[in-house]
There are 2 protein chains.
Amino acid sequence: MTACSEEHEELAYNVFAKACPSRGTLEHVTGRWGALTLGALHEGSLRFNELRRRVDGVSEKMLSQTLHALERDGLVHREAQPTNPPRVDYELTPLGREIAGRLLALIESVEGSMDEVLAARGRYDEARGAR
Amino acid sequence: MTACSEEHEELAYNVFAKACPSRGTLEHVTGRWGALTLGALHEGSLRFNELRRRVDGVSEKMLSQTLHALERDGLVHREAQPTNPPRVDYELTPLGREIAGRLLALIESVEGSMDEVLAARGRYDEARGAR
DNA sequence: CAGCATCCATTACGATACTG
DNA sequence: CAGTATCGTAATGGATGCTG
């Protein structure tokens, strides 16, 4: 089996354990491009190049790779129409929506705290930079 | 100024924009070691080597680097006692607690979905691997 | 104990070119 | 349009040795 918690813990999967597969999934979700991709898809389904424009700075290669990982983990569904030119839509699965929701809450919390973060950085740098 | 949203949006900071400083902070928070460090500290203050043991697999260098970044962003407070041997405690700031809370919700959501994720992987791999 | 400095291997990433 | 393949570089991260 793939669970990985200590004896009597209540959770079967524990990201704090090095070998737990949940750590890998967490990295797909929170990784630089994974987080932004899930965030973008939370507003609705998007095509490949729409996603590329939405997630500013992502390369074709990384977006493709990210989408594969998220699809494999069952967070994103890929809907391909066999037309010409091809049209492929990506959307969140129910599981993906749940996780993207939590992620969005985190992202918004970070965005909403940036003034405070930047102020803290200023203080930190002044205390160190002056050395 | 450091804001970076489009004209009439309501948020001043937007992670989807390449140059926005919020993207950097999000990466500190969600990075491989940042996420686990904040998660560990959410339960209470810890010393350097306690953290190292808690966050299974982190190296001294990465933990040190991670703590600096989080301290600089104002999410973690470093409390050093000038004793011998030295004792240093790390704990979350109020801002850090807010963000770590959201992060923990995400982590628990991922951990709780692992059975589903693993099942999805099985299906995906079978459909592809059989090629 | 709590770290910093250095070196080195691995990996991630981006640019480019090409395919169906 | 929606990707895959290849390549060179930049960043990451681990191991080791040293300091206060």
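When reading the values below, keep in mind they use all heavy atoms of this one structure, side chains included, and skip hydrogens, waters and symmetry mates. If you're wondering where the values come from, they're calculated on a predicted model, not measured in any experiment.
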Below 3.5 Å between N/O atoms, which protein atoms pair up with nucleotides 9-13 of chain C? Just atom names and distances, please.
from, atom 1, to, atom 2, distance (Å)
C:dC13, N4, A:Lys61, NZ, 3.2

Students should find that the end-to-end axis angle of the helix from C:dC1-D:dG20 to C:dG20-D:dC1, with five pairs defining each axis and rounding to 10 degrees, is 50°
If the condition is side chain to side chain donor-acceptor pair (under 3.5 Å), which residues does B:Glu111 pass it with, not counting sequence neighbours? none
Where does the angle between the aromatic ring planes of A:Tyr90 and A:Phe48 fall among parallel (under 30°), tilted (30 to 60°) and perpendicular (over 60°)? tilted
B:Leu63 has an atom CG; how far is it from atom C1' of C:dA2, in whole Å? 10 Å
Under the rule for side chain to side chain donor-acceptor pair (under 3.5 Å), what residues qualify as partners of B:Thr93, not counting sequence neighbours? none
Residue set satisfying salt bridge (charged side-chain N to carboxylate O under 4.0 Å, His left out) with B:Arg47, at least two apart, ordered chain then number -> none
Determine all donor-acceptor pairs shorter than 3.5 Å in which one atom belongs to a side chain in residues 54-65 of chain A; sequence neighbours excluded.
from, atom 1, to, atom 2, distance (Å)
A:Asp56, OD2, B:Lys18, N, 2.9
A:Ser59, OG, A:Met62, N, 3.2
A:Glu60, OE2, A:Arg52, NH1, 3.3

Taking only residues two or more places apart in sequence or in another chain, which ones pass side chain to side chain contact (heavy atoms under 4.5 Å, CB included) with B:Glu116? A:Leu95
Return the value, rounded to whole Å, for the distance between atom CZ of A:Arg52 and atom C1' of C:dA15. 11 Å
Of all nucleotides in DNA chain D that come within under 4.0 Å of a heavy atom of chain B, which is furthest toward the 5' end and which toward the 3' end? D:dG13 to D:dG20
Are the side chains of A:Leu75 and A:Leu92 in contact, using a 4.5 Å heavy-atom criterion? no
In whole angstrom, what separates B:Glu60's CD from C:dC7's P? 18 Å
With A:Asp89, which residues qualify under side chain to side chain donor-acceptor pair (under 3.5 Å), at least two apart? A:Arg87
Nucleic acid contacts - residues 68-88 of chain A versus DNA chain C, non-hydrogen atoms under 4.0 Å: A:Pro86
Quick one: list whatever passes side chain to side chain donor-acceptor pair (under 3.5 Å) with A:Arg72, sequence neighbours left out. B:Asp125
Which residues satisfy the salt bridge (charged side-chain N to carboxylate O under 4.0 Å, His left out) test with A:Arg78, sequence neighbours excluded? none
For the student: nearest non-hydrogen atoms of B:Arg121 and A:Pro21, plus distance: NH2-O, 4.3 Å
B:Leu38 and side chain to side chain contact (heavy atoms under 4.5 Å, CB included): which single residue from B:Thr66, B:Val76, B:Thr30 fits? B:Val76
ILVMFWY network linking A:Leu104 to B:Val15, side-chain heavy atoms under 4.5 angstrom: no
